[in-house]
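Every chain is numbered from 1, with letters handed out A, B, ... down the list of sequences. The shown structure was predicted, so the numbers you read here are calculated from the model rather than taken from an experiment. All values below come from the heavy atoms of this structure, side chains included, with hydrogens, waters and symmetry mates left out.
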2 protein chains.
Amino acid sequence: MTDQKNNLATRERILDAAEWLFMENGYEATSMRLITRAAAVNLAAVNYHFGSKEALLCEVFRRRLAWINQERLQLLDRLEQEANGSPLKPSQILEAFFGTLLRVGEDPALGGMTFLRLLGRTLTEPAEFVRSFFATEYAAVIERYKQALFRALPDVPRAEIVWRMHFMLGAMSYAIAGTDVIRVVTGHDVSDMAGEDEQGDEDGRMFARRLAQRLMPFLLGGLRAPLPSFDVPAVRHAHAASSIEDWATGGRTAAIRPPNQSEEMQQ
Amino acid sequence: MTDQKNNLATRERILDAAEWLFMENGYEATSMRLITRAAAVNLAAVNYHFGSKEALLCEVFRRRLAWINQERLQLLDRLEQEANGSPLKPSQILEAFFGTLLRVGEDPALGGMTFLRLLGRTLTEPAEFVRSFFATEYAAVIERYKQALFRALPDVPRAEIVWRMHFMLGAMSYAIAGTDVIRVVTGHDVSDMAGEDEQGDEDGRMFARRLAQRLMPFLLGGLRAPLPSFDVPAVRHAHAASSIEDWATGGRTAAIRPPNQSEEMQQ
DNA sequence: GATTATTTCAAACGTTCGTTTTAAAGTCAA
DNA sequence: TTGACTTTAAAACGAACGTTTGAAATAATC
């Protein structure tokens, strides 16, 4: 077989080009001709090696997510083993889940920031085949981490934990995918961000690390925020009218905190 | 003019159809023929009334964002006027900014959940014309709120506040746009969510309200989380290896809290 | 009611899309 | 070297895309 010489090189070159172009332009706006030209292969090569454009996108994700989700499961295994029996701390769980992903951003060999941005953008992709692909790809990992958080926060309603997982996923995806949004929206204020054009070998590492150290406290703070009070005052908006109090202030109930430990993060 | 009878009806019918289809399929995957068929107008009507497909998308946003951002500015005006001189509480600022948007989700006349989801999805849109459109559309509002947060949290580095604004925007956008993501990813666990097919008159209101009461505490908790420590230990990942401590736990520095007030949310 | 302006309509424009086809080139085992 | 198999290559496929055209229909102005 020529797999070790040219075939693999062709496949890999297509995957690399597709990963970058999908990230840059989005799936629909990236044509096969653009991809194959960037990869310096024949137009028919994608259909030959992957079958279709949809299958190509899935493969772009699979080759990265396989490592990521395996790492996530292994980390959780080890943590639970070391804790032998007692529930983990939320910070450990978050670090295992999000930290793994952020570490991918630091390592171009694992996909780097290019893949992270593509992932963030694609998670909101409306296309059906994308959604069902992610569903199967993520199912096991999410279930494990969900259960771990349930154990870590036994006094918190499970529905609430699921919601906050959702919020945390969103904050991270956006933080990664929307690098331009923060620039545009904040008036190019964050001066120490990485360049977005060149795939920034060193810039990407720096960006991922800074993002990590800023994002994790935010996520933990959100996860452990006080529960909302459940008597909802029906807020009627009044076209620049009266009521600005209510649920914005959350409830006065107990803060979310792991049961038998005080956690190192106090405020 | 026929603007009051048929012309406006045509324009509006196109905008409504486009809003829904862009939300459902994304911009690129929604064709002019799909839009005009759904709106029951001639294919050429979009180009006649709006000029191009891009201009149509911009108009879809403009007719909603005009109200939203005006409301945001008015709310901030009033809050600062009532506070006469002293800085606002972070919870007030967040409620004015995010609460306005979430109230749009409750009111179909303002766009409802359909528009909110479209907004969330489009903020990560790579297309250049979309980004520059949002940049000009949001510039004034973001600047005002940024300054308000700077005043509200004078002890927090400004770059940190900007980052956390970004995280909050992301959490909310995702929470709105990724309704299917949370279902798919969590195994359809959140049982009390609104339907996603029919534009759910009453469902949409309920969903937006529940989302609001769960999201706001999360955002406040994240915004006011402890600052990260700034001596970054270079975390090397080790393919299921050693280090799981470090920045996940954040720093031990003071929590972010407005200067001269204790805030009602304690944990 | 005639005239002007506005809006709708069917048809076609040229381009680009993802995919397929058919043949040539390359690779490896016997 | 032969023969089977894999990979590349150029060309073409039909379909769908956003947009334009020019005439018919409708509404507004005088």
For the backbone of [Y] and the side chain of [X], can you confirm whether one donor and one acceptor N or O come within less than 3.5 Å of each other?
| X | Y | result |
| --- | --- | --- |
| B:Thr36 | B:Arg33 | yes |
| B:Arg117 | B:Met23 | no |
| B:Lys146 | B:Val141 | no |

[X] [atom1] to [N] [atom2]: how many Å, rounded?
| X | N | atom1 | atom2 | answer |
| --- | --- | --- | --- | --- |
| B:Ile35 | D:dT19 | CD1 | C1' | 14 Å |
| A:Phe129 | C:dG18 | CZ | P | 11 Å |
| B:Tyr48 | C:dT8 | OH | C1' | 9 Å |
| A:Asn47 | D:dA9 | CG | P | 15 Å |
| A:Tyr27 | C:dC17 | OH | P | 13 Å |

Heavy-atom side-chain contact between A:Leu75 and A:Arg72 under 4.5 Å
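No - every pair of side-chain heavy atoms lies 4.5 Å or more apart.
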
Measuring only between side-chain heavy atoms, which start at C-beta, is A:Phe218 closer than 4.5 Å to B:Met168?
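Contact flag for A:Phe218/B:Met168 side chains = yes.
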
Partners of A:Arg37 by salt bridge (charged side-chain N to carboxylate O under 4.0 Å, His left out), sequence neighbours excluded?
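For A:Arg37, no residue satisfies salt bridge (charged side-chain N to carboxylate O under 4.0 Å, His left out) once neighbours in sequence are set aside.
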
May I ask you to evaluate whether [X] reaches the phosphate of [N], defined as a side-chain N or O under 4.0 Å from OP1 or OP2?
| X | N | value |
| --- | --- | --- |
| A:Thr10 | D:dT8 | yes |
| B:His49 | C:dT8 | yes |
| B:Asn42 | C:dA10 | yes |

Taking the six-membered ring for Trp, are A:Phe133 and A:Phe61 parallel (under 30°), tilted (30 to 60°) or perpendicular (over 60°)?
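It falls in the tilted class, 30° to 60°.
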
Determine the interplanar angle of the A:Tyr145 and A:Phe97 rings, folded into 0 to 90°, and report it as parallel if under 30°, tilted if 30 to 60°, perpendicular if over 60°.
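Ring orientation of A:Tyr145 relative to A:Phe97: perpendicular.
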
Using a 4.0 Å heavy-atom cut-off, does A:Ala44 contact any base of the nucleic acid, only the sugar-phosphate backbone, or nothing at all?
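Touches a base.
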
Near-ring test A:Tyr27/A:Phe129, centroid separation under 6.0 angstrom
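Centroid distance A:Phe129-A:Tyr27: below 6.0 Å, so yes.
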
Mapping B:Ala40 and A:Glu54 to their closest nucleotides on DNA chain C, which lands nearer the 5' end?
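Between the two, 5'-proximity favours B:Ala40.
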
Look at the side chain of A:Ser52 and decide which nucleotide, out of C:dT19, D:dT19, C:dT7, has an atom nearest to it.
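It is C:dT19.
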
Axis bend over the full length of the helix from C:dT8-D:dA23 to C:dA30-D:dT1, computed from five pairs that close each end, to 10 degrees:
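Axis angle across the helix from C:dT8-D:dA23 to C:dA30-D:dT1, nearest 10°: 10°.
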
Please write out the pairs of protein N or O atoms and N or O atoms of nucleotides 12-17 of chain D separated by less than 3.5 Å, giving the distance to one decimal.
unit_1, atom_1, unit_2, atom_2, d
D:dC17, OP1, B:Ser31, OG, 3.1

